[in-house]
Each structure stands twice: as structure tokens, then as C-alpha cells.
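Here is how names work: the chains are called A, B, and so on, in the same order as the sequence lines, proteins then strands, and each is numbered from 1. Note that the coordinates shown come from a computational prediction; the quantities given were computed from them, not determined experimentally. Hydrogens, waters and symmetry mates play no part in the numbers below; they use all other heavy atoms, side chains included.
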Protein chains: 2
Amino acid sequence: MKYNQVTIKDIARELGISPSTVSRALKDHPDISPQTKKAVNELAEKLNYQPNIVALSLRQSKTNTLGVIIPELVHFFFSTVISGIEDVAYSAGYNVIITQSNESLQREKTDIKALFNSRVDGMLISVSRETSSFEHIESILAKGVPMVFFDRVYENANSSTVIVDDLSGAKEATQHLIDQGCLRIAHLEGPPNLGITKQRLEGYLEALKDNNVAVDKDLIVSCPLGTIEEGKAATEILLKSSKRPDAIFATNDPAAMGAMQAIKEAGLKIPEDIAVVGFSNWFFSALLEPPLTSVDQPGFEMGQEAAKLLIRQIEFKSKDNEDPAPETKVLKTRLIVRDSSLKKGKAKK
Amino acid sequence: MKYNQVTIKDIARELGISPSTVSRALKDHPDISPQTKKAVNELAEKLNYQPNIVALSLRQSKTNTLGVIIPELVHFFFSTVISGIEDVAYSAGYNVIITQSNESLQREKTDIKALFNSRVDGMLISVSRETSSFEHIESILAKGVPMVFFDRVYENANSSTVIVDDLSGAKEATQHLIDQGCLRIAHLEGPPNLGITKQRLEGYLEALKDNNVAVDKDLIVSCPLGTIEEGKAATEILLKSSKRPDAIFATNDPAAMGAMQAIKEAGLKIPEDIAVVGFSNWFFSALLEPPLTSVDQPGFEMGQEAAKLLIRQIEFKSKDNEDPAPETKVLKTRLIVRDSSLKKGKAKK
DNA sequence: TTAATTTTAGGAAACGTTTGCGGTTTCGAT
DNA sequence: ATCGAAACCGCAAACGTTTCCTAAAATTAA
């Protein structure tokens, strides 16, 4: 589309000087006399000159654009991460292109190629549920594209990552349930490919061990999709078993929600009969009845950190032409105690 | 960043022909002999040639990028709209840059400028709560940038818009409450600047009139932010009044949620004492207790339609160099009846 | 006054494409 | 043998910048 925006050439012609002089004047280059600078800047102001970003990108081989790949935008957590990313990206002068893999490896592959073709300066990636091989990522990485992984990371030594401390978050949640007097704590496990799934399971196990609670394998049930329906179905099975759990720690809030539905439909009380704790502190969790205790992940902050790391990497590389040492940022989780897990007393504010 | 991607020149050099021939061969131009085409395509394939989009953009003055401005990404509705937009945009070969105004007019202004500077081919806009003047939009529109407004539209004759039929949605919701035997139906009104607020109020009023129910001005309360807290506070006041409502129709789901909280805390039952209906069918609405009846807006479809309209406009303009006639797409809403409004019998389903 | 600097400015190439126009070939037809 | 038209291809300009290099003008030093 041609919008007839005024260019450097227009200014040069009007002033009877050359484009190069205008360019330098606008950048306050010492070679240019104060008078010329003044004239150029005033005319630029008057004509409302705006540099053509596309031409700039071509010239500098730098698009000032960050590519983002997330599993799904409609997840509360991911949309807050995006907000965090945009926050630092825009104030650093970067645009952001967002793509969704929809939890599909195939989509993830095409997304990453599309971003590469758009010549983004770097990528922020959270892998899909299906992603268990990483050639598509490696091949782009090999071309030298800076990447930062967040939340659902690709653990390879050469990329920076931002994660939350899933292990200790899960441990804290489980400990909390133990503190409430629960002894038969079930765990609804998440998608098997994801590191976060393992970490959360690990935290759960560690807490049990720390308290000398025996691990009952029957109490660990897989929810490979991590949906409400799965959580519900898994819980229904748990409830039918001879030795019913007295608490459920779910890998995420939707699964926990499903668990709550199953428990209520079975005529049992939360938390009296069974306490429930989720993970991620989705928007809806505070609105449930009873309100769901959950492990809060600082999504906005995660987005900010990831973007900062990426931008630093991009700018470091453009200077020294080599990658900075990869960094791993681990963000603290926060257990939000609500009524769904409070067998004793009221929530500590 | 320099990734040493292979260019048309590389292929030309390798084959001992000119870049123009390579370009034409790749585009299957009739001037080029089959042999040359074959050689070029094979080498391009072998070297994994990918056209440089930035150079293309500069050359054609077309970025193949759509700019989007929404109030907030974390709203379920808006994130589904985005998904719809990306769906059609990507399959039509467009990238999407998303910005959030955070319901601030100021941010909206800077966003729109930033998008313009990024030379997007067109914009998709849903205005902020604060937006009551439109010079910032007009000034960009005047430069000929194609725009399509969705949901929260700027009603000016010369732009295409996609909206849902808020009026009839609200009317249907109110009618439903009347059908349930409610006679004192309160309305929690939304942000005063927005057209959707007026439409929803209008639908509410029409339904009352159609059924010869007198309008009680005291039953119409403003919630200028449309938040849970506001809905709760407004409802508390309504409940204290001498002639308490027997139903509440809220301008959106958060307000309805607040109303539910207030009602429950007052020891009243939903829907027996007071029925509640919301608008937008947020993700959490089905999870409340009782599940909230709400007017569903087809967000994904809205995004698709808006993107289609915009792309059509962009491509029409690049051909005929003038704007196509503006279009207005009105999408149907759908009343999702759940328990929060069912005084009689069970949900049809 | 002249030579050596410094200051200021411009020319031109480059980033990777596309495309109007002109220039060779080739080949069948006269 | 010559002509005309296809068929095929390259030159160069253009999109809007930046930047290396060179050059003129102004200033200073000798």
C-alpha cells in the first residue's frame, strides 16, 4: 500500500541537500553543521517525517521484531505471559508477532519456519504438548537465531530459559496438604512430554518423602491432556477405589476443576472429605466454590524476563557477533491458599 | 542479524545467469525457458532458498502484515477473536502484530501510531473503554490505511465493521428472564462510551416494552468498568432497596459474577430468589455455581470475518486503487441457558 | 601567501527484490 | 538469402535507508 509518506529524499530535495546529509543530520552526526541540522529537523518535524522501518530493516538486516510461539492464547497463563513480553518488547522498540501451535507439533514446525522467514530477530518459545523431538528447533538454532524458551522449555545447554520453580511449587502445595492432615494425597499428572509435568510430580514425591508418607502408585493418575474432563474422569476412578484419597493435587487448574466436579457429584465435601489443590492459578480458580487453592505462576514477570533475556542476547550478538552465555531464570511460585484445601481454620489472608 | 541466507543473487551467480532471470524463473514467468526454470528451481530447492520478505516488502510497499488493537488480551472473548484473526490471516499469507490498549486511550493512540510506522497493510481495531473521540483514528484513516472495526466499533460510515447483534442478544436474554416469570429485572449497564453498552440496554428495554413490563429506572445501574467488584457493589445496593429485583441482566459476565456473589452473601438463592444472566459467555461462566446463563458471542468467527473483510479491502485497494464499499457484518448471538436463570424446569438441551 | 588541517557535505554502493524495456538468438516462412 | 516474429534473457532502476569514501570549503598554521 502506498501512503505517500514523506521520505528522507523529500526532505533532501526540499532543502537542496543530499539524502546522506539528511540522514546524518537526523542522527545528530558530528559531521553536520548545526544550521543544517536545525533546518533538517525542523522540516522533518513540519512534514511529520517517519523513518521507513522496512527500508531500515533491509539495510541493517534487523527487523526489530520478536517472534513468539505459544501453545494456546486462550489460556489465562499464556496471555499474561504475552502481556509481559509485549511490555518490555515495545518499550525496547521491538514488535511482536505471535503464533499459536494449538498444541500441535505440526503447527509448531510451520510456525517456526514462518517466523524465520519473516526474519524475526529472535524467538520466544513455549513448546507444544506434542513436542518430544526437537530437530525443527535445532535447525533454526543452527542458523544462529537467538531463542529463549519459557515455561515449557527445550532443555538444551545452549539456550536461555525462563521457568518457574515447578518442583518447589509442587512441593509446597503437597506440604500444605500434609499440613492440613491429609495422608492419602492423589496426584493428577500432566502431559508426559513436558518438563513441567515431571517437575511437579517430583515436587509431590519429595514432599511425601520428607514427611515419611508412603507413595501409593495407584494415587498417581495420568491426565495427558490436562483438561477438565480428564480431571473429572480420573477422579471418578479414584473415588471408586477401595482406599479413597483424602486430597488431590492436580498438575493444573482445569484438572483440579474436573476433580472438584467429580467429588461434588459423588456427594462428598471439599475440603472436608477431599481437599483439592491446582497449579497455575487461573483466573477462574478464585471464582469456584469453594475457591480453589492453587500455585500461582508469575506469568507477566515470566514474559518480561524472557523478553529481556532475548533482547539482551540479540543486542549482544549484534555487537560481539557471538552468543552470550545462556542463562536460566527460575521464578518463584506462590501458593495461594483458598478454601478448597483448608481443613483446619481459615485461610491466612 | 545476518543469517547468511541464500539470495537470488547467489543462485544467479552459481548458474551464470542474471538475478532477474532467477526471479522470473521462480515465479514461472513465460519469458523463461523450461530448462532454465528447472535449473533454477532445483538449485533453489537444494540451497533451500527463502525469499527475503523484508526486501519484498520494501519493493512492493506492502508488508503482508495486519495490525490489531484490542483492549486486553487476557479477556477470553478477545483471545478467541485473535485466534480467529490469525486463522485467516496466516492462511492468506499475512502476519499479525497484536497490541493491547489496556483500555487506555493514550495507549491506543501510541499503538495506532506504532502500527502505522510499522507499515502494516491494514488494521483491525476494537476501541478501548475510554475512547470517546476519534481523531487519532481519523488521522490514520485519512492516510488511506484500510481498517476494520470489530465488537467495539467506531461507527463512521466509511469503515467496515463486524459486530454481534447485541440488541437482539440482550432482548433474547431479557425475554428469557420474563419467560421465567421475572418481573422486576435489573440491568447492570456497562461502560457508557461503548456502542455495545447502548445496544444491550436497548435490547433490555425493548424486551420489557414488548411484554408490557414497566421500566423502573432504579433498576438500571451503571457499572462503568464492568468488573466483578462493580457488579457486586451495584447488586448490594439493589438488594438493599425496598423493592428488590427478581432478576439481573448484566452487561457482561464479570458483572454478573459479582452480582452472584452479592446475592449469595445476602443469603438469597439463585435462581429461585433472583435469576442472573450475563453476556459474552466467558470461559468461567459454565463453571460457576450455579452455572451462569449467558449470551454467547462467536469470538472466533468474529475474528475470521474481520480479517477476511480487511484482507479483501487491502487487496481490492491494491488492484483498483480505491476503497471498496464498507460492509457491516452482524453475527448472531446465542443464549446459553444454564441454571442461574432457570426458575422453571431444567435447561433445554 | 601557501600548505596543512579541519569542517562540512555529497556520491555511490549496498541491503534483496521486481519489472519495464531493450537486446540477442533462433527458427520457420517468404 | 533475407525478414519478422517468437522466445529467451539481461540491464538498470526502483523501494528508503545507511555508510564508506572522496571532495570542496573553511579555517588554521607556517
Side-chain angles (χ1 to χ4, degrees), chain A residues 1-41 43-44 47-65 93 116-121 318, chain B residues 1-41 43-44 47-65 93 116-121 318:
Chain A
M1 222 71 7
K2 294 227 47 166
Y3 300 132
N4 287 337
Q5 273 296 91
V6 14
T7 76
I8 269 189
K9 291 184 186 175
D10 297 325
I11 297 182
R13 196 176 330 107
E14 185 108 354
L15 256 36
I17 58 181
S18 84
S20 28
T21 304
V22 175
S23 172
R24 279 186 266 253
L26 289 170
K27 315 208 99 66
D28 205 22
H29 191 286
D31 269 8
I32 306 300
S33 74
Q35 304 94 290
T36 316
K37 277 182 191 166
K38 184 150 171 289
V40 167
N41 281 305
L43 187 58
L47 300 182
N48 189 27
Y49 166 75
Q50 302 290 118
N52 185 317
I53 294 190
V54 180
L56 241 166
S57 298
L58 179 60
R59 175 65 225 235
Q60 334 245 54
S61 305
K62 177 156 195 305
T63 54
N64 278 284
T65 300
F116 180 73
N117 278 350
S118 297
R119 301 291 200 278
V120 295
D121 292 334
S318 78
Chain B
M1 222 72 8
K2 294 227 50 166
Y3 299 132
N4 288 339
Q5 272 295 92
V6 14
T7 75
I8 268 190
K9 292 184 184 176
D10 298 325
I11 298 181
R13 196 176 330 108
E14 185 109 353
L15 255 37
I17 58 182
S18 83
S20 29
T21 304
V22 175
S23 172
R24 278 186 267 252
L26 290 170
K27 314 208 100 64
D28 204 22
H29 191 285
D31 269 9
I32 307 300
S33 74
Q35 303 95 289
T36 313
K37 278 182 191 167
K38 183 151 172 289
V40 168
N41 281 305
L43 186 57
L47 299 182
N48 190 24
Y49 165 76
Q50 301 290 117
N52 184 317
I53 294 191
V54 180
L56 241 166
S57 297
L58 179 61
R59 173 66 223 232
Q60 334 246 51
S61 305
K62 179 159 193 307
T63 53
N64 278 285
T65 300
F116 180 72
N117 278 351
S118 296
R119 300 294 201 274
V120 295
D121 292 335
S318 78

[X] [atom1] - [N] [atom2] separation (whole Å):
| X | N | atom1 | atom2 | value |
| --- | --- | --- | --- | --- |
| A:Asn117 | C:dT17 | CG | P | 11 Å |
| B:Asp31 | D:dC11 | CG | C1' | 15 Å |
| B:Ile8 | C:dC15 | CD1 | C1' | 14 Å |
| B:Lys27 | C:dG16 | NZ | P | 16 Å |
| A:Leu26 | D:dT19 | CG | P | 13 Å |
| A:Gln60 | C:dC15 | CD | P | 14 Å |
| A:Arg13 | D:dG16 | CZ | P | 10 Å |
| A:Ile17 | D:dA25 | CD1 | P | 17 Å |

With a 4.0 Å limit, can you tell me whether [X] has a side-chain N or O closer than that to the phosphate oxygens OP1/OP2 of [N]?
| X | N | value |
| --- | --- | --- |
| B:Ser61 | D:dC15 | no |
| A:Lys9 | D:dC15 | yes |
| B:Ser18 | D:dG10 | yes |
| A:Thr21 | C:dG10 | yes |
| A:Ser20 | C:dG11 | no |
| B:Ser57 | D:dC15 | no |
| A:Ser23 | D:dT19 | no |

Closer than 3.5 angstrom, by distance alone: can the side chain of A:Ser23 be matched with the main-chain N or O of A:Pro19 as a donor-acceptor pair?
no
Can you tell me if B:Thr7 uses its side chain to pair, donor with acceptor, with the backbone of B:Lys9 under 3.5 Å?
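Side chain of B:Thr7 to backbone of B:Lys9: a pair is present.
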Could you pick out which residue, A:Arg24 or B:Leu58, lies toward the 5' side of DNA chain C when each is mapped onto its nearest nucleotide?
A:Arg24
For D:dC15, does the base pair up with any side-chain atom of A:Thr7 as donor and acceptor (N or O, under 3.5 Å, distance only)?
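Counting by modelled atom types and ignoring angles, no donor-acceptor contact under 3.5 Å is found here.
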Hey, mind stepping through B:Thr21 and B:Leu15 against side-chain contact (heavy atoms from CB on, under 4.5 Å) and telling me if it holds?
CA-CA 10 Å; B:Thr21 304; B:Leu15 255 37; over 6 Å; no
Please round to the nearest 0.5 Å and tell me the distance separating atom CG of A:Leu43 and atom OH of A:Tyr49.
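Answer rounded to 0.5 Å: 12.0 Å.
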Value rounded to 0.5 Å, distance of CD in B:Gln5 from OG in A:Ser61
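Interatomic distance, B:Gln5 CD to A:Ser61 OG, rounded to 0.5 Å: 11.5 Å.
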Ranking D:dT17, C:dA9, C:dG11 by distance to the side chain of A:Asn52, first place goes to D:dT17
